[in-house]
Amino acid sequence: MPRRAAANNVVKLTKGMLATLALAPGQGERIVWDAELRGFGIRLRASGNRTWVIRPPRSGGASKLHTLGSADTIDLASARRSAQEKIAEAALGGDPTKAKREARAQAALTFGSLVDRYIADKEAKGRRPSTVSNMRHHLKCHWQPLHCRPLNAISRADLAVRHRELVSECGPHAADRARSILSTFFVWAMAEGMANANPVTNTRTATVPTRRDRVLSDEELVAIWCACREDDFGRIVRLLILTGQRRDEVAEMRHTEIDLPTALWRLPPERTKNHRPHEIPLSAPALSIVSAASKRTGRDFLFGEGEGPFSGFSKSKARLDERIRTVREKDLEAPHTLVSWRLHDLRRTVATRMADLGVLPHVVEAVLNHVSGHKAGVAGIYNRSSYRAEKQAALTLWAMHIEQLVKTKQEA
């Protein structure tokens, strides 16, 4: 560059001087450097754009041009102060544009772009298929309106608005479940260094959390048993009563898990809540239900249609409750209504009633595949017994109790 041209591009920038700066005819771009602060200048372009720039002195590498911002929105004094700070930062070995690059990276890191990665991480860690499916549904469907938002730009207010919409669309319980799953997502994102905070914290729930303690009476158990039909849902409910296992564990039962000769149902660790293998001895009534399930080519699930396990619990239970109500209305000796109950209440009922029959607490826990109480802590580390014989005796005793209750009702 000719010496005079170079001199013309180094001036003391002032408000008055800025108004006189212009491009020469045919010139596409020009940078005018400040004589007061070395490395600070203004870039003019043929489009009319004017931006503040800096070029920190070289320190062992090529000097790079960095943009500070538009001269239309940042005044000269503010731009000079910012330039002075960033040039000093570069002189100390820092990166003057690091914050801007990180901000761009954060903006590109959207909530929706991380959902599949989060789900894959949970699958790799052995979460149950039903749990993963539930996560996927809530994150991809219920929280879909927030997918395009940068992860760290999602606020409590955003979540509160969407949560209220979910209450109207899906009901309070589904909305709270979606909220809970989103919270676990943000906890994961924080641990991965991608989220700065969990915006779900301190947001409101639609329901008041309560600890259920519903235990069904013998009369209610009989009413439910007798209202079950010879269909997949009826068989699932009866197996829940006979085994005390979790709903999805029964609904997703596979032929390859059943050992008919030894009357054992072996649950692999990836199908249990505590990720421990679990053996459930099958009583005669339970074995009869399992044996009757037809095996179809290419399908390992005992219950349901298509490729997946049984689905449609809500509608099936509503129909079951309606049959119970109809029967009880005709029974003058029984209450006309069955107090509200859930399928999980059957598990609590089995545990309670087996204890009433004299089954020892540690055997009840073994049946339920619990690791609290008798096998918690150090005891659980050293005591690896599965209590197969004790579980078999307990479940046989329980099945006999159910059969007697049903027989007494039918003979009445």
* State, without any angle test, whether Asn198 and Ser183 hold a side-chain donor-acceptor pair at a distance under 3.5 Å. => yes
* Approximate separation, where rounding is to 0.5 Å, of Ile224 CD1 and Leu346 CG -> 5.5 Å
* When you check the gap from the basic side-chain N to the acidic O, do Glu257 and Arg266 get nearer than 4.0 Å? -> no
* **Val53 and Ile42, any side-chain heavy atoms less than 4.5 Å apart** => no
* For the side chain of His147 and the backbone of Cys141, is there at least one donor-acceptor N/O pair under 3.5 Å apart? -> no
* Got a second to check how far Phe186's CZ is from Tyr118's OH, nearest 0.5 Å? -> 11.0 Å
* Kindly say whether Lys122 contributes a backbone atom to a donor-acceptor pair with the side chain of Arg127 at under 3.5 angstrom? => no
* Hey, is the main chain of Pro285 close enough, under 3.5 Å, to the side chain of Arg238 for a donor-acceptor pair? -> no
* Below 4.0 angstrom, N of the basic side chain to O of the carboxylate: do Glu169 and Arg162 qualify? -> yes
* To do: Hey, could you give me the CD1/OG distance between Ile74 and Ser82, rounded to the nearest 0.5 Å?
  => 7.0 Å
* Is Asn152 reaching over with its side chain to a backbone N or O of Asn196, donor-acceptor style, under 3.5 angstrom? -> yes
* To do: Would you check if there is a donor-acceptor pair between the side chains of Thr408 and Gln404 at a distance under 3.5 Å?
  => yes
* So how far is it from Thr243 OG1 to Ile289 CD1, rounded to the nearest 0.5 Å? -> 9.0 Å
* Examine distances only and state if a side-chain atom of Asp34 and a backbone atom of Lys12 form a donor-acceptor pair shorter than 3.5 Å. => no
* Asked: Less than 6.0 Å separating the ring centroids of Phe185 and Trp143?
  -> no
* Any sub-3.5 Å donor-acceptor pair from Arg179's side-chain atoms to His163's backbone N or O? -> no
* Would you confirm whether Arg299, through its side chain, and Gly304, through its main-chain N or O, come within 3.5 Å as a donor-acceptor pair? => yes
* Would you tell me whether Trp265 and Asp259 have side-chain atoms, one donor and one acceptor, within less than 3.5 Å of each other? => no
* Would you call Glu220 and Arg214 a salt bridge, taking side-chain N to carboxylate O under 4.0 Å as the test? -> yes
* Arg235 to Phe303, cation-pi by 6.0 Å centre distance and 45° axis angle -> no
* Asked: So is Lys409 actually on top of Trp225's ring, under 6.0 Å and inside 45° of the axis?
  -> no
* Counting distance only, does the side-chain N/O of Arg50 pair as donor-acceptor with the main-chain N or O of Leu18 below 3.5 Å? -> yes
* Asked: Does the Asn9 side chain pair with the main chain of Val32, one donor and one acceptor, at a distance under 3.5 Å?
  -> no
* Does the Arg271 side chain pair with the main chain of Glu249, one donor and one acceptor, at a distance under 3.5 Å? -> yes
* To do: Say whether Asp75 and Ser78, considering side chains only, have a donor N or O and an acceptor N or O under 3.5 Å apart.
  => yes
* Structure fact -> Rounded to the nearest 0.5 angstrom, the CD-CG distance for Gln245 and Leu267 is 6.5 Å
* Do Thr67 and Arg43 meet the criterion of a side-chain donor-acceptor pair at a distance under 3.5 Å? -> yes
* Would you mind reporting whether Arg80 and Leu13 have side-chain heavy atoms less than 4.5 Å apart? => yes
* Asked: Side chains of Ser113 and Thr110: donor-acceptor distance under 3.5 Å anywhere?
  -> yes
* **Distance (rounded to the nearest 0.5 Å) between Arg136 CZ and Glu123 CD** => 5.5 Å
